[in-house]
Structure formats: C-alpha cells, structure tokens
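Scroll down for the structure; my scribbles are underneath it.
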Amino acid sequence: MCMRVAFRVARTAALSAPFGARVFPVRSADDAEAFSEWLSTRTLVAVDTEATGLDVFCAGWRLRLTQIGDAGSAWVFEAGGEFESVRRAALYSGVGLIFHNAPFDLHALGMLDLFPFAFDTAMMSHLVDPSRRHGLKGLTTDLLGSDAGEGEKLLKAHFSANGWTGGTGWAEVDLRNEDYVRYAGLDAVLTFRLFEKLKATIEARGMGHLLAFERRLAHLMAKLTDRGMLVDKAYAAQLGVQLTADAQVAEDKAAMMGVSNPRSGKQIREALLLAGVKLTKRTPTGEFSTAEAVLETVDHPLAEAVLDLRSAQKSNKAYVAGTLELLGVDGRSHPWIRPLGARTGRMSVSKPPLQQLPSGDPTIRRMFVADPGNLMGASDYQGVELRVLAALAQEKVMLQAFKDGADLHQMTADAARVSRKVGKMANFLTVYGGGPTALASQAKISHAEAKKALRGFNRAYPGVKRWSDTVQSKAARDGYMVTTVTGRVLPLDRDRIYAAVNYLVQSTARDILAQAILRIEEAGMFDNVLMLVHDEVLWQAPKAEAEEFAVEMGRIMSVDDFYGVAITTDSEVYGPNWGSGYE
DNA sequence: TCCGAGAGCGCC
DNA sequence: AAACGGCGCTCACGGA
C-alpha cells in the first residue's frame with residue numbers, strides 16, 4: 001500500500017492547456033510508465049519537437065523537447081533527460097506518426113528512417129488547398145476554429161520579459177517553464193486534431209494516391225537535405241571578400257554623387273529627379289520605380305553605381321554569406337527542400353536558395369563542389385513547359401513539330417514575322433499567361449508589334465487559345481479551380497483566371513520531375529542526386545563513370561509519350577564543381 | 001525593439 | 001480585348 005502511495009506522488013503534475021488539452025511532462029519513472037500505458041493503446045500519435053532554433057545543421061543547435069500526443073493529451077520529453085530511451089522506443093514502436101512539417105522534426109530528431117511511418121499535416125493541407133497558408137497556427141484557426149496563437153503570445157511575452165527575442169527565447173527559456181511546456185504539448189494535440197480533419201477530406205476527395213506519392217517524395221527530399229553539398233569554404237570566403245569590395249566601390253561612387261545610402265529607393269528617386277532624369281514607370285504604390293529595367297535606360301552614373309551595388313550585394317549576402325553562415329558542422333550546405341513549396345506544387349529550396357543561384361557566370365556556383373573522386377553533372381528536360389502545353393492543349397501543329405524535332409521558337413518567329421528571340425519570348429509568355437503589354441516591355445518592341453506577334457502565335461497554334469478558353473471557362477464554372485492530370489486541385493484567384501493555363505502547365509511539369517525522381521530511386525541512382533531545380537537534376541558520379549551515368553540519368557528521366565509528346569532530356573558532365581557547367 | 005509589407009532581383 | 005506564372009532573400013521604412 002505504501003508503495004502505491006509513493007507511486008502516485010512520483011507523478012509530475014499535469015498542465016492544463018487551451019482547448020481542453022492536457023499536458024503531461026515525463027520526468028519520473030512513474031510518468032514514463034504512465035506514458036507507456038497510454039502508448040500501448042495507440043496506433044497513431046502526433047509528434048512535435050522544440051529546439052534552440054531552426055538551423056538544425058549549424059553548430060550550437062540543440063533539440064530541447066519532444067512532444068507525443070493525441071487529440072486530448074500530450075506527453076513532453078526533455079532532450080538529454082533520463083527517459084530519452086522511452087521516447088525513442090515509442091517513436092520506433094511502429095505507430096503512425098503525425099507531424100506538422102515532418103522534414104524539420106525528423107531532422108531534429110535525427111530519425112529520417114521513420115519517414116515511412118510519418119504523416120505530415122502541412123503536406124496534407126497543401127493537397128487539400130494549395131493556396132492556403134500551411135502554418136500550424138493559421139490552419140488550426142481555419143479548420144478547427146480555435147485561435148492557437150494565444151499560447152505563443154503568452155510565450156513571446158515571457159521571452160520579452162526576460163530580454164529575449166523571438167529568435168533567442170527558444171534557446172533560453174527554461175525547459176520546465178510552464179508556458180513553454182504547455183505551448184509545446186498543445187502543438188502536438190492540435191496537429192493530431194488537424195490530421196483527423198485533413199485525412200477525412202483527402203479520403204472523401206479520393207486523393208489518397210497523391211498523399212502516398214508525396215510521402216515517398218518527401219522522404220527522398222529529406223535525404224537530399226541531409227546529404228547536402230560540399231562547399232569549398234576557402235573559395236567562398238575569398239569570394240565574399242571580393243564582393244564586399246565590389247559593393248564598397250559602388251557605394252563610394254554613389255556617396256560622391258551625394259547619395260548616402262544607395263540601397264534606399266527614396267534616395268535614388270530624389271537624386272535622379274534632382275539631376276533632371278525623367279522617371280515615368282511607377283510601382284503599385286505609385287512611387288517612381290528604380291528597378292533595373294528603369295535604371296538601365298537612365299544615362300546617369302548614379303544609375304550604374306546603384307545597379308553595380310545591387311548586383312554585388314545580392315551575390316554577397318543572399319548567396320555567399322547565406323551559404324557560409326548556414327554551413328553545417330560537416331562543412332556541407334544542407335538546403336531545406338519543400339517538396340510542395342509552391343501553390344502549383346513546385347518545390348522550393350531555401351537556406352541557402354540553391355534554385356536561384358546566378359546562371360550567367362560560374363563564380364557563385366563554384367562554391368559547391370563534388371565529393372572527392374566525383375564529377376558533377378546535370379540532366380534537364382528540354383523545354384518541358386512548352387511540351388506540356390502542347391500535350392495538355394493537344395495542339396496539333398505543336399505536337400507534330402515536336403515529333404519532327406522542329407525549332408518551336410523559330411516556328412513562332414516565322415509565323416509572327418519576328419526574330420527568333422521574340423518568338424521565344426512569345427512562347428514563354430504564353431506559358432505564363434502574358435499579353436501584348438508584357439511582350440512589348442520584355443522584348444522592347446512596340447505594343448502594336450507585340451500584338452501582331454501574338455496574333456501570329458495564335459494563327460500558328462490555334463489549339464492553344466482554344467484550350468486556354470475552355471480551361472478558363474470551366475475553371476470559373478467549377479468554383480475557380482482546375483485539376484491537373486495527376487489529380488491535383490489548384491485554386492485560382494478569381495481576378496486572375498488567365499493563370500489557369502500556367503498553373504496546369506507548371507504543376508504538371510513539376511509532377512513529371514517528381515515521378516522521375518521516384519524512378520531514379522528505383523534505379524538505384526538516387527544516392528548520386530544532389531539537388532533539383534524545377535526541370536533539372538543535379539548529380540555527381542565517380543569520375544570514371546560520369547559520362548555513362550549522364551546517359552543513363554537522361555534515359556531514366558525521359559518520358560517517351562506524354563499525351564503524344566516526348567519529354568526529352570539533355571545530360572551533361574560538368575566537372576569538379578557546379579560552376580564548371582556555367583563557364 | 002520588433003514585425004511586416006513593399007520593392008527589387010536571383011532562378012525556372 | 002486583355003490579362004506575365006511560381007518561388008526565397010535582403011533591405012529600408014513605417015507603425016506598434
């Protein structure tokens with residue numbers, strides 16, 4: 001009997017959280033035993049983690065809490081605590097695991113091998129409504145009607161009361177602070193509730209196959225993040241010094257012209273107007289624009305200095321410093337990949353933004369090098385979006401042209417009686433939903449000429465406009481949404497129905513690459529993949545096999561017959577670094 | 001001091 | 001008839 005009493009007393013007091021959630025810290029053997037009892041009756045649990053910050057791969061980053069819960073309660077484990085083995089065994093017990101942003105938590109836990117057991121409510125939210133914001137707080141408010149922001153507000157107040165910011169508080173707050181533990185536990189509970197809601201919608205809509213597909217893809221993308229890319233640190237540091245100097249030169253020039261901060265649009269506008277420069281183009285808020293397209297037409301040394309500064313600054317801060325500051329303790333860059341980053345389903349890459357490195361010169365890309373003994377290379381689709389457009393529209397002339405291996409840009413140019421360059425722009429703009437105004441400004445031709453060119457396009461490929469009109473009117477009838485051939489539902493902004501064509505093309509092209517990635521894995525070639533850039537796979541292979549690998553990669557990615565169009569690839573061995581492909 | 005919208009710009 | 005799509009990052013600026 002005495003033992004029983006001691007048993008009870010050793011339980012840590014539960015915390016009450018908003019929305020009827022109960023939070024149980026696991027700090028004693030009895031807590032752990034109660035947890036295990038609870039777990040033994042579950043087949044599915046929600047899991048969340050708290051850490052010192054978001055940069056999992058950087059020195060000093062630490063996991064702090066792991067929360068495991070269901071619709072009513074959450075159990076909170078302290079990192080480095082006595083019961084880590086209990087937590088670990090629980091996660092590996094075979095139960096289904098629900099995360100909100102699984103890639104972050106599974107990286108934080110160092111348990112990527114649990115991906116096959118993982119569901120992700122952020123991923124599910126994207127499948128249900130890609131245009132929604134997928135943050136836990138916003139989703140909870142939208143779907144569950146409970147404003148989950150309250151707990152975070154309390155915590156942020158606690159942070160600032162202690163002199164911490166939103167950035168530092170997560171590392172500083174006491175592991176046993178009640179608001180912290182309550183907030184942490186609540187997130188797991190809300191994630192569980194979200195899952196139930198989203199799962200029902202996905203099942204009702206018959207989107208289970210897409211969910212299964214995305215779960216496989218997400219696992220592979222997490223492996224890419226984990227693999228990362230080797231960085232030539234010495235080269236990068238030296239490049240940073242050079243770019244800093246370049247920026248300083250431009251800044252000094254601007255200063256001599258009386259502009260103390262050439263990063264300020266306000267100062268640039270005022271100085272140029274004062275110098276008698278006529279500015280006409282305006283931004284949406286009505287101010288004179290100082291964008292590159294404007295400044296390159298301005299005959300004034302200040303314009304040149306500003307553009308030089310912007311260019312050096314961008315490369316230096318966003319790419320070089322951005323890469324070095326986020327470098328992992330292993331000397332590698334570990335970019336975050338969001339497999340469903342865009343509302344069209346396109347992937348996005350951040351920290352660092354490897355899909356946006358300058359392609360006009362190799363200096364930035366040269367920071368990223370192949371592993372010893374390997375060469376880098378890339379395989380990309382040849383004009384995939386135009387091919388997808390032809391396929392979806394079943395445009396006869398385009399279909400035949402692709403079969404014949406004709407030059408589509410030249411064909412458009414011939415039909416519209418413009419240069420190949422303008423013909424190419426017209427092709428792209430059609431994919432983007434652009435009109436004559438856009439073509440005129442981009443091609444630097446008159447509005448009348450642009451109209452004529454687009455009329456030429458429509459004459460040459462009548463099926464495109466026919467399909468576009470059909471898609472748009474159907475989209476309006478269907479409640480402003482379109483469905484891709486892969487079953488993705490894409491909502492449209494009602495004042496931009498014309499974007500339907502682009503959404504369908506972009507989303508379909510994304511799925512063509514995504515499906516290729518799964519084929520690459522099945523072929524046993526995924527371990528060589530380093531990065532994806534929308535229509536391109538960047539890879540590395542041992543020197544002696546690189547050429548052969550390039551051919552095989554191109555073959556696996558190719559699609560022989562996509563609704564009547566071949567989706568062809570171009571494969572190239574770059575060299576020892578990413579930049580060697582851009583020299 | 002912090003936060004967020006806006007402008008600008010890099011990519012496909 | 002006309003309608004340029006999708007991201008991530010940095011900085012300046014203004015309001016809380």
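Quick note on labels: first sequence line is chain A, next is B, and so on, each numbered from 1. The analysis underlying the following values was restricted to heavy atoms, covering all of them including side chains, and did not include hydrogens, waters or symmetry mates. Given the structure is predicted, the values throughout are model-derived calculations rather than measurements.
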Which nucleotide in [options] has an atom nearest any side-chain atom of [X]:
X	options	value
Y432(A)	dC9(C), dA3(C), dC4(C)	dC4(C)
K314(A)	dC9(B), dC12(B), dA12(C)	dC9(B)
R343(A)	dC11(C), dG8(C), dC7(C)	dC7(C)

What's the gap between [N] and [M] when it is taken at their [atom1] atoms, as a whole Å value?
N	M	atom1	answer
dA5(B)	dC7(C)	P	15 Å
dT10(C)	dG4(B)	C1'	14 Å
dC4(C)	dC12(B)	P	22 Å

Testing the 3.5 Å rule here: is there a donor-acceptor pair between the side chains of [X] and [Y]?
X	Y	value
D511(A)	Q515(A)	no
T484(A)	R510(A)	no
S571(A)	T569(A)	no
T244(A)	Q248(A)	no

Measure the distance from [atom1] on [X] to [atom2] on [N] and round it to the nearest whole Å.
X	N	atom1	atom2	answer
R133(A)	dC7(C)	CZ	P	11 Å
R310(A)	dA12(C)	CZ	C1'	12 Å
R496(A)	dG5(C)	CZ	P	5 Å
Y503(A)	dC7(C)	OH	C1'	12 Å
R282(A)	dG6(B)	CZ	P	18 Å
L492(A)	dA3(C)	CG	P	19 Å
K317(A)	dC9(B)	NZ	C1'	16 Å
K351(A)	dC9(C)	NZ	P	7 Å

For this output row, return yes or no: ring centroids of W170(A) and Y183(A) closer than 6.0 angstrom.
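Between Y183(A) and W170(A), which both carry aromatic rings, the centre distance is below 6.0 Å.
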Given the side-chain rings of F57(A) and H107(A), with only the six-membered ring counted for Trp, is the space between their centroids under 6.0 Å?
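Under 6.0 Å, so yes.
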For the student: nearest non-hydrogen atoms of [X] and [Y], plus distance:
X	Y	answer
A254(A)	A305(A)	N-CB, 4.4 Å
V565(A)	A391(A)	CG2-CB, 3.7 Å
S379(A)	M553(A)	OG-CG, 3.2 Å

Does [X] put a side-chain nitrogen or oxygen below 4.0 Å from OP1 or OP2 of [N]?
X	N	value
Q355(A)	dG8(C)	no
T283(A)	dA7(B)	yes
T285(A)	dG6(B)	no
T437(A)	dA3(C)	yes
K451(A)	dA2(C)	yes

Would you say the base of dC12(B) and the side-chain of R346(A) have a donor-acceptor pair closer than 3.5 Å?
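Counting by modelled atom types and ignoring angles, a donor-acceptor contact under 3.5 Å is found here.
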Just checking [X]: base, sugar-phosphate only, or nothing, at a heavy-atom cut-off of under 4.0 Å?
X	result
P284(A)	sugar-phosphate
I497(A)	nothing
V501(A)	nothing
E287(A)	nothing

Has Y498(A) got its ring stacked on dA3(C), by the test of a centre gap below 5.5 Å and a plane angle below 30°?
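Stacking between Y498(A) and dA3(C): absent.
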5'-most contact on DNA chain C: Q506(A) or G435(A), nearest heavy atom basis?
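The residue closer to the strand's 5' end, by nearest nucleotide, is G435(A).
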Please verify the inter-ring angle class for Y461(A) with F457(A); under 30° counts as parallel, over 60° as perpendicular, anything in between as tilted.
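Ring orientation of Y461(A) relative to F457(A): perpendicular.
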Residues in contact with DNA chain B, drawn from residues 289-302 of chain A - heavy-atom cutoff 4.0 Å:
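Residues of residues 289-302 of chain A under 4.0 Å from DNA chain B: S289(A), T290(A), A291(A), E292(A).
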Are the charged groups of E292(A) and K314(A) less than 4.0 angstrom apart, N to O?
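Result for this pair is no, no salt bridge flagged.
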Using a cutoff of under 3.5 Å, can you pull out all pairs of nitrogen or oxygen atoms linking the protein to nucleotides 13-16 of chain C, with atom names and distances?
unit_1	atom_1	unit_2	atom_2	d
dC13(C)	OP1	S264(A)	OG	2.7

